[in-house]
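Order of listing sets the numbers, starting from 1, for every ligand and every atom in it. Here, residue 1 is the first one in the sequence, and each next residue gets the next number.
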Amino acid sequence: MSQHTNANTFDANESNLNSATWQVTEPAFDPLRQHHSETILTLGNGYLSTRGTFEERYPNDRQATLVHGMWDDVPIAFTELANTPDWTALEIWVDGHRFDMQEGQITNYARCLDLRTGRLQRRLRWTPAEDIAVELSFERFASLDDEHLLAVSVRVTPLSKPAEIKVRAMLDSRVENDGLLHWQQVSQHSDAGQADLVVRTRHTGKTLAMSTRLGVSGGEAHLAASDCPGCPGIVATAQAEAGQPLVIVKSVAIYTSRDSSDPLAAAQAKVQTAATAGYAALREANKSAWADFWEASDVIIEGDDEAQLAVRHALFQVRIAAPTHDERASIPAKTLSGFGYRGHVFWDNEIFVLPFFTFTQPNLARNMLMYRYHTLPGARRKAAANSFSGAQYAWESAETGDEVTPTWGLDFDDPTKLVRIWTGDIQIHISADIAYAMHQYWRVTGDDDFWQDVGAPVVLETAVFWGDRAEAEGDRFAIRDIIGPDEYHDHVDNNAYTNHMVRWHLKTAQDALEWLWEHDPGGAGTLVEKLDLTPERLTHWRKVIDGLILAHDPETGLIEQFEGFFDLEDVDWPAYEGRTKSMQELLDIEESNHYKVLKQADVIALLCLFDDAFDQKTWQANWDYYVPITDHAYGSSLGPAMHAWAACRMGQPDLAYEHFMRAARADLSDVRGNAWDGIHAASAGGLWEAVVFGFAGLRLTENGPTFKPQLPTHWRRVVFNIIYRGERRRIELSR
Ligand code: IFM
């Protein structure tokens with residue numbers, strides 16, 4: 001029977017920075033919460049992320065390392081990121097007792113993800129038998145300095161008498177995605193100096209190679225090969241003296257066929273360099289890369305340690321999921337921290353996450369926008385399959401940009417029943433969301449090359465789709481049979497968010513074409529020809545812009561979320577007080593269509609994105625109408641941060657704070673009970689939006705950024721940077 005007790009935090013003395021706001025700690029291990037811990041203790045480097053499972057494993061854990069771009073086919077959901085062989089794997093024996101968190105006695109346990117330096121640490125005292133006790137401390141990181149490099153170290157200190165320590169370090173390909181196996185073995189090798197593994201995805205034929213080396217200090221070690229099938233490794237055996245730590249360092253390099261024509265050779269060369277440089281140098285380089293990140297992108301909140309830690313954790317988690325050198329990947333809805341949504345990319349990234357990168361790490365934002373550019377062929381295929389010209393982006397996107405939303409899902413109440421998922425068919429606002437993010441990036445960075453070669457062409461080609469999709473009804477235009485951001489209602493007509501976005505999109509396309517004629521007439525001419533941007537088509541766009549239905553009542557300011565929303569039934573809210581489930585679960589998927597209840601911001605999202613385009617009367621009327629009927633606690637995790645932003649716009653920072661903390665707790669406190677499946681990327685990115693667009697009141701005007709701050713009562717000071725047109729500005733707000 002194991003026993004877990006508290007221990008202190010890590011490295012708090014390494015600098016005078018407050019560890020409570022930089023470290024996510026787990027003071028005791030609770031097997032019932034292990035999947036939640038694994039998610040929030042995920043580390044990574046923009047190339048891959050690794051969940052916080054134990055190196056020696058634990059029953060029922062959800063071990064995963066997800067590498068960008070390593071897609072393999074699956075039934076129903078088309079494709080998913082294949083869980084990569086476990087680079088962290090270590091088995092440890094002390095005097096013949098194999099270390100296991102369930103065996104013997106565990107005391108002084110603590111784990112800590114240090115956000116400042118991107119390291120995951122664990123320390124504990126293990127007493128496997130009456131006369132044997134050791135202190136174990138683990139540390140691992142995925143280098144932000146060199147994305148192909150990973151390292152794990154374990155320090156074993158016998159406490160009262162010498163002990164024989166044996167450590168087996170493996171590259172373990174016996175991994176799965178919730179029962180699905182993606183890898184076939186290509187080759188493996190091990191000797192005392194190095195172990196290598198090469199595997200290939202079963203369906204897509206992508207190759208991944210890993211190479212590892214072991215270094216031992218603090219004792220004379222004997223190294224030998226360990227070659228179990230699918231799991232090559234190296235075994236180190238050494239005698240450790242009482243009180244003298246024996247330190248074993250496992251360096252690992254990973255390359256894939258996406259990075260190199262010979263991934264194994266690349267991995268071998270890299271791990272050789274790592275071994276030559278030594279652990280301390282790798283650790284330092286990683287630390288310094290993280291210092292650069294925080295220097296540019298940290299948000300300081302004084303007066304609220306919980307909010308501070310949550311924001312840093314959120315920024316850390318989205319950073320490790322953001323491809324650093326890869327234009328053909330983007331941040332999935334659950335980052336790379338879990339199997340949720342199988343690594344698919346949604347509008348979450350463009351509307352909730354990208355603004356953080358656009359304003360603080362524009363190169364990374366550009367990579368992710370380029371992902372959309374490179375997936376245009378899939379968007380063209382989707383438009384064509386629906387009999388439209390132009391490009392229509394997939395609701396769920398993966399490698400090619402083809403639609404990968406599953407058509408069927410499991411029923412809430414009865415998982416033996418299937419329910420139809422309509423989002424892939426009719427949740428179409430994503431094409432405009434992508435255009436919005438590209439335009440925002442251009443406005444903020446002034447990157448004209450991007451706009452000329454990527455942004456404007458994408459905006460125009462997707463505009464062609466909208467021109468076809470809008471249906472003429474007399475001199476009005478309608479967009480029927482869709483789903484807006486509020487997914488509690490499907491097959492609706494004229495969703496206000498969608499229609500307004502489309503109108504903005506078509507106007508922006510016209511401006512983009514004009515801009516291209518001015519700045520790149522040759523390119524404009526080619527595009528006009530390629531996309532068939534005839535005068536008739538442009539006239540048609542103007543008609544759609546003028547005629548698209550938007551039910552905005554000038555008297556009251558109220559915008560109807562979609563046609564007929566105001567006629568739906570009212571929910572008897574008092575009857576649902578104390579509920580612990582979403583309203584859709586309680587009402588039933590079909591039934592919730594008939595009620596005035598929202599899963600998340602819809603009209604409110606529209607107001608946030610276009611802000612000053614709407615007057616105060618409109619803001620007030622829609623705030624009063626929609627906020628009380630939104631399922632804040634159990635609807636979409638995308639909702640709370642956006643409502644925090646909107647509440648600030650309404651001049652209610654303390655109410656905004658309530659919404660903000662709901663988002664802040666989505667992962668760290670697992671308030672929705674589903675963090676086991678991965679980090680909620682949109683909620684994490686939304687926290688930055690809530691601070692910067694909400695509490696700081698950042699608006700982008702013709703003359704650059706302006707601020708209208710209003711902090712929650714107990715926040716003393718907020719500091720962050722933005723980069724506007726290449727110039728970094730430090731923004732400091734105090735009460
Ligand atoms: O994109 C979101 C959607 O808005 C609500 N359901 C979950 C999706 C992925 O996060």
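For Thr53, the side-chain hydrogen bond (donor to acceptor under 3.5 Å, both in side chains) criterion is met by no residue, not counting sequence neighbours. Judged as a side-chain contact (heavy atoms from CB on, under 4.5 Å), and not counting sequence neighbours, the contacts of Thr618 are His552, Ile559, Leu607, Phe614, Asp615, Asn622.
Cation-pi geometry between Arg372 and Tyr393 is met: the NZ or CZ atom falls under 6.0 Å from the ring centre, inside 45° of the normal.
Two rings, from His344 and Trp395, have their centers 6.0 Å or more apart. For an aromatic pair to be called close, the ring centres must be under 6.0 Å apart, and Phe565 with His489 satisfies this.
Contact residues of ligand 1 (protein heavy atom closer than 4.0 angstrom to a ligand atom; sorted by chain and number): Ala333, Tyr341, Phe346, Trp347, Asp348, Trp395, Glu487, Lys599, Gln600, Ser636, Leu638.
The salt bridge (charged side-chain N to carboxylate O under 4.0 Å, His left out) analysis of residues 491-502, with sequence neighbours excluded, yields the pairs Arg480-Asp493.
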